2 protein chains.
Amino acid sequence: MTSVLVVDDDTYLLRALRITLQAHGYDVATAADGRSALLAAQQHPPALVILDLGLPDMDGSAVLRKLRGWSSVPVLVLSARHGSEDKVEALDAGADDYITKPFGLEELLARLRALLRRSADTEQPVVVTTEAFTVDLGKRRVLRDGQDVRLTPTEWKMLEVLVRSPEKLVTQQQLLSEVWGPAYAKETNYLRVYMAQLRRKLEPDAATPRHLITEAGIGYRFVP
Amino acid sequence: MTSVLVVDDDTYLLRALRITLQAHGYDVATAADGRSALLAAQQHPPALVILDLGLPDMDGSAVLRKLRGWSSVPVLVLSARHGSEDKVEALDAGADDYITKPFGLEELLARLRALLRRSADTEQPVVVTTEAFTVDLGKRRVLRDGQDVRLTPTEWKMLEVLVRSPEKLVTQQQLLSEVWGPAYAKETNYLRVYMAQLRRKLEPDAATPRHLITEAGIGYRFVP
DNA sequence: GGGGATCTTGACGAATCCTTGACACGGCCC
DNA sequence: GGGCCGTGTCAAGGATTCGTCAAGATCCCC
């Protein structure tokens, strides 16, 4: 899902934006000052940043310049000022768009779509490799012996959840909840069926799996 | 030199922009109506377009939509209206930025720089070749056995979205949103119809596609 | 206004995928 | 050894999705 980081010190506006954006299918993170914004952007790189210039701890343009030191994520700047110099400064500091408060939510969403449309091709690949197969999370593809393996949507979701946390034990409830939804927490037979299919498609010897390990009574684990 | 096409029916503003932009090192072409604007953009593809929505011969959004039928050049929209719907419509029609008259020239230049900066790192190979056909994204042409293949605007957009990210799975929602707009996210039958037409025109054997692959339940993928 | 190209819409088998139930196997405790 | 639990395997049905076609509706250029 597309992730958006919203940076603003106005907690009311922050909440309004969170609700609106989530309602439109975005994954939302928030920060109330420049320091935590930079931290958040580093730890969970978003697909887009909405940045208010008026922050309590540091100037918005300074945040932007710091961010631009290591990230090229699209940035949409919010500001209460109508002055032309502010816009010029922000845009030259690396902002991709500028919108003045008060603004319509529809306009914000439209500008956001325009920015994301522009940057859609600049995403980075995430690839996980094992001895037997290779999972390309960015391209949504699995290779085995150079051939790509055909996975159904459910098989892929399940593999993705496991691969995104290598070595980590994922409980049956977590898997069921992520793939089928929270209501399916007891349908553990789904897991058995689909894990068998994944192993048949990916493991060299499906009877003795080496990468998709089952932890009896608890869950499953992906080992590269 | 960076070339900018300015489209406006106000000859005074047109001249002012020409002088200002040239003074800042841009190569400037102008057009006073939608028809000649599209013609100019086709004959001498600019690096950026500044487009006034209020044109004598046709609606500005219509010009934009036509332009988007074959070009992905960044477009900065000018408008005298402050209404939110106008902005949303223009941005969803494919505009990259929107600025309201009257505007400061400094702000215009700053937004222009931001747009050009962003599109600078989005440059990518313009020609993609497969065993069966060749796609020239720059010239908007498809060759098959040396012959020109005739594609409708919609067919082209769909092919373009897929070809711009080779090997990558493009979801049905992404495709629908990029080709038809965000509001068409559920019209998945469009995809089936146009994918069939593309295959008929491009694949050696449309019944067993080798380059335009469908991933059941998720989307489509282009493999060179 | 007319004619051609293009886009939308609906319907239908065919292919694919998900669900469900049944059964076998191994380990563990009584 | 027998019963129980968790797991792996398989196959069939039902549901969903896909490819295809063709007929209107719409747009666009002359």
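Reminder, nothing fancy here: chain letters follow the sequence lines and each chain counts from 1. Since the structure is predicted, the reported quantities are computational estimates derived from the model, not experimental observations.
Spacing between atom CE of A:M158 and atom P of C:dT19 amounts to 12 Å, rounded to whole angstrom units. Regarding A:L151, its CG atom lies at a distance of 15 Å from the P atom of C:dT16, rounded to whole Å. If you take CD1 of B:I218 and C1' of D:dT17, they are 12 Å apart, rounded to a whole angstrom. Residue A:K201 contributes atom NZ, which lies 10 Å from atom C1' of C:dC17 at whole-angstrom precision. Remark: C1' of D:dT20 and CG of B:N189 are 13 Å apart, rounded to the nearest angstrom. The interatomic distance linking A:L176 (CG) with D:dG6 (P) rounds to 14 Å, in whole Å. Between the CD atom of B:Q172 and the C1' atom of C:dC17 there is a distance of 14 Å, given to the nearest Å. Note: CD (A:Q197) to C1' (D:dA11) measures 12 Å, nearest angstrom.
Between A:T154 and C:dC17 there is no side-chain N or O to OP1 or OP2 distance below 4.0 Å. Listed pair B:Y220 / D:dG19 meets the phosphate criterion, a side-chain N or O lying under 4.0 Å from OP1 or OP2. The shortest distance between the side-chain N/O atoms of A:Y190 and the OP1/OP2 oxygens of C:dT20 is below 4.0 Å. For the pair B:W180 and C:dC7, the criterion of a side-chain N or O lying under 4.0 Å from OP1 or OP2 is not met. Listed pair B:K66 / D:dC29 meets the phosphate criterion, a side-chain N or O lying under 4.0 Å from OP1 or OP2. Using a 4.0 Å cut-off, some side-chain N or O of B:R200 falls inside it from OP1 or OP2 of D:dC21.
Both A:G219 and B:T214 lie near DNA chain D, and the one whose nearest nucleotide falls closer to the 5' end is A:G219. Comparing B:A216 and B:R192 by the nucleotide of DNA chain C that holds the closest heavy atom to each, the one mapping nearer the 5' end is B:R192. Residue B:L191 is the one, among B:R35 and B:L191, whose nearest nucleotide of DNA chain D lies closer to the 5' end (criterion: closest heavy atom).
Contacts between residues 203-212 of chain B and DNA chain C, counted as heavy-atom distances below 4.0 Å, involve no residue at all.
Remark: the B:Y26 side chain and the B:S3 side chain contain no N/O donor-acceptor pair separated by less than 3.5 Å.
Side-chain contact check for A:V49 versus A:L76: every heavy-atom pair is 4.5 Å or farther apart.
Set against D:dC18, C:dT8, D:dC10, the side chain of A:V193 has D:dC10 as its closest nucleotide.
Under the side chain to side chain contact (heavy atoms under 4.5 Å, CB included) rule, B:M195 has a single partner from B:L162, B:L159, B:T214, which is B:L162.
Taken from CZ in A:F222 to CG in A:L202, the straight-line distance is 9.5 Å, to the nearest 0.5 Å.
Ion pairing of B:R221 with B:E215 is present here, as a side-chain N (NZ or NE/NH1/NH2) and a carboxylate O approach within less than 4.0 Å. Residues B:E203 and B:R210 are not paired through a salt bridge, judged by the lack of any N-O separation under 4.0 Å between the basic side chain and the carboxylate. The residues A:R141 and A:D136 are annotated as not salt-bridged, no charged nitrogen and carboxylate oxygen being separated by less than 4.0 angstrom.
Under the salt bridge (Lys or Arg N to Asp or Glu O under 4.0 Å) criterion, the residue pairs touching residues 98-114 of chain A are A:D8-A:K101, A:D52-A:K101, A:D97-A:R111, A:E107-A:R111, A:E107-B:K87, A:R111-B:D97, A:R113-B:D92, with sequence neighbours excluded.
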